[in-house]
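One structure is given below, represented as structure tokens, and several questions about it will come after.
Owing to the predicted nature of the structure, the values given are computational and were not obtained by experimental measurement. Chain identifiers are assigned alphabetically (A, B, ...) following the order of the sequence lines, protein sequences preceding nucleic acid strands; residue numbering begins at 1 within each chain.
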Protein chains: 2
Amino acid sequence: MMEIINKFKGKGFKLTPQRLSILKFLDGNTSHPTAEDIFKALKKTHPTVSFATVYNTVQALRDRGELQEITIDPEKKHFDPNTAPHHHIMCTACKRVEDVFADYSSALQLPENVSKNFAVSGNHVDFYGICKKCRS
Amino acid sequence: MMEIINKFKGKGFKLTPQRLSILKFLDGNTSHPTAEDIFKALKKTHPTVSFATVYNTVQALRDRGELQEITIDPEKKHFDPNTAPHHHIMCTACKRVEDVFADYSSALQLPENVSKNFAVSGNHVDFYGICKKCRS
DNA sequence: CTGCTATAATAGAATTATTCTAAATTAGTA
DNA sequence: TACTAATTTAGAATAATTCTATTATAGCAG
């Protein structure tokens, strides 16, 4: 928690109460919240917040490399404060997203016809399936 | 082309001129068009079409397993008539999506704590980078 | 070939996610 | 303590997608 806050001292990032609340919510959060999830959580402490505050903060964090945008869900973006390289799996029934910690980097070689045309900056692996809860 | 059309004879799928036009546009198309791309192409032959026709047809094709929805682009969905398992790379500058034909299946093993909680139905690997054109 | 019916097309409204705008507020510095 | 650039807010705007109600038609049944 302290680390997160300290990361934003200086650098033209103002640590407002709203942002502090968002940072607290995100810190160590592995639930892969959507903008709406963050908005709802923030409303508890700041009933008058606007969605713009959520998107502003999310964007500021993304720009600083402190928040990852997850595209696994075709319906909406999810966010992940864990910026270490890792992957995800989504339950196609309940839409929940979970982490997959595995290092596939050495296996994911691009065919030459592609690698010669791209300066690759990253990759991610998305898995889809049905979770235990949704089967029972 | 003929194959595509024949796939939809019977089965409660009506082959309307609009749909035929969409099928022709998609057949062998490796450009990963968005709904808007399809809409624009369709407008050339059917100037009065509605977006609903595009989305209806896309959904019918998806339901029949003849069209894949691509989530690599955070801004919008792309579609791919190639339903054989393969992967994608997106240029983060020009947003173009290209195919990556590589078989990573044996390498993409899930860690046990995940695999024991999911009946996995599929996966895809997304690469990001800058394409040659956008660097020059 | 003709008529019937379920399916599809259309225009446009509605919904959802996200971004923008302009005015009021405030964090952090001087 | 005052100032200023950054932020918040409410709400409008935009973009992607879905829905609705009406009209049209593909494909089958006779």
- Item | Separation of atom CD in A/Glu75 from atom C1' in C/dA17, rounded to whole Å |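 Taking atom C1' of C/dA17 as the reference, CD of A/Glu75 is at 11 Å.
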
- Item | Closest listed nucleotide, where the reference is the side chain of A/Gln18 and the choices are C/dT18, D/dT9, D/dT17 |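 Closest nucleotide among those given: D/dT9.
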
- Could you state the CD1-C1' distance from A/Ile22 to D/dT9, rounded to the nearest angstrom?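 Distance, rounded to whole Å: 13 Å.
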
- Message: Let's see if you can work this out: which of D/dT17, D/dA16, C/dT19 has an atom nearest to the side-chain heavy atoms of B/Ala35?
- Response: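 Between D/dT17, D/dA16, C/dT19, the one nearest the side chain of B/Ala35 would be D/dT17.
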
- Task: Mind calculating the distance between NZ (B/Lys77) and C1' (C/dT18) to the nearest angstrom?
- Result: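 Taking atom C1' of C/dT18 as the reference, NZ of B/Lys77 is at 15 Å.
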
- Message: Of the options D/dT7, C/dA27, C/dA8, whose atoms approach the side-chain atoms of A/Pro17 most closely?
- Response: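 Closest nucleotide among those given: C/dA27.
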
- Query: Given atom NZ of A/Lys43 and atom C1' of D/dT9, what is their separation to the nearest angstrom?
  - Reply: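 Spelled out: NZ on A/Lys43 to C1' on D/dT9 is 12 Å.
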
- Query: Atom NZ of A/Lys76 and atom P of C/dT19: how far apart are they, to the nearest Å?
  - Reply: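 For the pair A/Lys76 NZ and C/dT19 P, the rounded distance is 15 Å.
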
- To the side chain of B/Thr16, which of D/dA26, C/dA17, D/dT8 is closest?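 Selected nucleotide (nearest to the side chain): D/dA26.
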
- Task: Return the value, rounded to whole Å, for the distance between atom CZ of B/Arg19 and atom P of C/dA6.
- Result: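 The distance from CZ of B/Arg19 to P of C/dA6 comes to 17 Å, rounded to the nearest Å.
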
- Item | Nearest listed nucleotide, side chain of B/Lys14, among D/dA26, D/dT8, C/dA11 |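 It is D/dA26.
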
- Query: From the list D/dT9, D/dT7, C/dT10, which nucleotide is the closest neighbour of the side chain of A/Thr53?
  - Reply: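 Comparing D/dT9, D/dT7, C/dT10 against the side chain of A/Thr53, the answer is D/dT9.
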
- Message: Expressed as a whole number of angstroms, how long is the span from A/Phe51:CZ to C/dC20:P?
- Response: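 A/Phe51 atom CZ is separated from C/dC20 atom P by 16 Å.
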
- Message: If you only use heavy atoms from C-beta on, which nucleotide in C/dT10, C/dG28, D/dA16 is closest to the side chain of A/Leu15?
- Response: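 That would be C/dG28.
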
- Query: Using 30° and 60° as the class limits, which term best fits the ring planes of B/Phe39 and B/Phe51: parallel, tilted or perpendicular?
  - Reply: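 Geometry flag for B/Phe51 against B/Phe39: parallel rings.
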
- Item | Spacing between A/Gln59 atom CD and C/dT18 atom P, to the nearest angstrom |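 Answer to the nearest Å: 12 Å.
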
- With the side chain of B/Thr48 defined as its heavy atoms from C-beta on, choose the nearest nucleotide among C/dA11, D/dT8, C/dA9.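 Among the listed nucleotides, the one closest to the side chain of B/Thr48 is C/dA11.
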
- Message: Of the options D/dA10, C/dA27, C/dT10, whose atoms approach the side-chain atoms of A/Ala52 most closely?
- Response: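 Minimum distance to the A/Ala52 side chain belongs to D/dA10.
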
- Message: Test your reading of the model: is there a side-chain donor-acceptor pair from B/Ser121 to the backbone of A/Tyr128, 3.5 Å cut-off?
- Response: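 Yes, B/Ser121 side chain to A/Tyr128 backbone: donor-acceptor pair under 3.5 Å.
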
- Could you work out which one of D/dA16, C/dA9, D/dT7 sits closest to the side chain of B/Thr57?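 Nearest nucleotide to the side chain: C/dA9.
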
- Derivation and outcome, side chain to side chain donor-acceptor pair (under 3.5 Å), residues B/Asp37 and B/Thr34: CA-CA 5 Å; B/Asp37 295 333; B/Thr34 62; 3.2 Å; yes

- Message: Checking A/Asn123 against B/His87 for the side chain to side chain donor-acceptor pair (under 3.5 Å) test, could you report, in this order, the C-alpha distance in whole Å, the side-chain angles of both residues, the deciding distance, and whether it holds?
- Response: CA-CA 11 Å; A/Asn123 65 63; B/His87 308 287; over 6 Å; no

- Query: For A/Leu26, which of A/Asn82, A/Asp80, A/Leu67 qualifies under side-chain contact (heavy atoms from CB on, under 4.5 Å)?
  - Reply: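 Looking at A/Asn82, A/Asp80, A/Leu67, the match for A/Leu26 under the side-chain contact (heavy atoms from CB on, under 4.5 Å) is A/Leu67.
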
- Would you say C/dT18 has OP1 or OP2 under 4.0 Å from some side-chain N or O of A/Tyr55?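 Answer is yes, contact under 4.0 Å.
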
- Is there a donor and acceptor pair closer than 3.5 Å between the side chain of A/Ser50 and the base of D/dA10?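 Present.
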
